[in-house]
Amino acid sequence: MEVDGIEIIGLMAACLTTAAFVPQVYKTWRTRDVQGISLTMYLAFFIGVLLWFIYGWYIDSLSILLANGITAILVLVQLILRIRYRIKR
């Protein structure tokens, strides 16, 4: 896997877009407030991110693999929190 100038732009974009999910996951974990979180949206997003990850694997793109691999983990955590905290209420 070669990292060229364009891939560096992709890596920077991956860092920013993936990091954007961290505050939401942290806030949900801290407050346990899941009222405004759409289960349907996050399920669709999770599937989309997994498909992007597979695509990145096939085209051998480090930025797509990293962004979508980490985002998939964050979205999965958010889904688990959404389901877990919704049941406890």
Asker: Identify all side-chain donor-acceptor contacts of residues 41-48 below 3.5 Å with residues at least two apart in sequence or on another chain.
Answerer:
none

Asker: Hydrophobic clusters here meaning ILVMFWY residues chained together by side-chain heavy-atom distances under 4.5 Å, can you tell me if Leu62 and Leu51 are in one?
Answerer: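 In one cluster: no.
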Asker: Taking side-chain hydrogen bond (donor to acceptor under 3.5 Å, both in side chains) as the cut-off, I'd like each qualifying pair that reaches into residues 73-83, sequence neighbours left out, listed once.
Answerer: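 Output for this query lists Thr28-Gln78.
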Asker: Show me the pairs that pass side-chain hydrogen bond (donor to acceptor under 3.5 Å, both in side chains) and involve residues 10-20, at least two apart or across chains.
Answerer: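 As it turns out, the side-chain hydrogen bond (donor to acceptor under 3.5 Å, both in side chains) pairs with a partner in residues 10-20, which skip direct neighbours, are Thr18-Thr71.
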Asker: Considering residues at least two apart in sequence or located in another chain, which fulfil the side-chain contact (heavy atoms from CB on, under 4.5 Å) criterion with Leu16?
Answerer: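 In terms of side-chain contact (heavy atoms from CB on, under 4.5 Å), with neighbours along the sequence ignored, Leu16 is linked to no residue.
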Asker: So do Leu50 and Asn68 actually touch side chain to side chain, heavy atoms under 4.5 Å?
Answerer: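 A side-chain contact under 4.5 Å is absent here.
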Asker: Under the side-chain contact (heavy atoms from CB on, under 4.5 Å) rule, collect the residues that match up with Ala14, sequence neighbours excluded.
Answerer: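 So Ala14 forms a side-chain contact (heavy atoms from CB on, under 4.5 Å) with Ala67.
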Asker: Given a cutoff of under 4.5 Å between side-chain heavy atoms of I, L, V, M, F, W and Y, with clusters grown through shared members, what are the other residues clustered with Ile6?
Answerer: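 Joined to Ile6, directly or through intermediates: Ile9.
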Asker: Please report the C-alpha distance between Gln24 and Ile37 in whole Å, then the side-chain angles of each, then the deciding distance to 0.1 Å, and finally whether the side-chain contact (heavy atoms from CB on, under 4.5 Å) criterion is met.
Answerer: CA-CA 10 Å; Gln24 183 65 54; Ile37 296 175; 4.2 Å; yes
Asker: When hydrophobic residues are tied together by side-chain contacts of less than 4.5 Å, even through go-betweens, does Ile54 share a cluster with Leu66?
Answerer: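 Ile54 does not cluster with Leu66.
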Asker: Closest heavy-atom contact between Glu7 and Ser63?
Answerer: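 Looks like OE2-N, 2.6 Å.
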Asker: Strictly by ring-ring contact (aromatic ring centres under 6.0 Å, His included), give each pair with a member in residues 54-78 just once, sequence neighbours left out.
Answerer: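 For residues 54-78, and leaving out neighbouring residues, the ring-ring contact (aromatic ring centres under 6.0 Å, His included) pairs sorted by first residue read Trp52-Tyr55.
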Asker: Who passes ring-ring contact (aromatic ring centres under 6.0 Å, His included) against Trp29, sequence neighbours left out?
Answerer: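 Checked Trp29 against ring-ring contact (aromatic ring centres under 6.0 Å, His included); matches are Tyr26.
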Asker: Quick one: do Leu74 and Ile64 end up in the same hydrophobic cluster if we chain Ile, Leu, Val, Met, Phe, Trp and Tyr together by side-chain heavy atoms under 4.5 Å apart?
Answerer: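 Looking at the clustering, Ile64 is in a separate group from Leu74.
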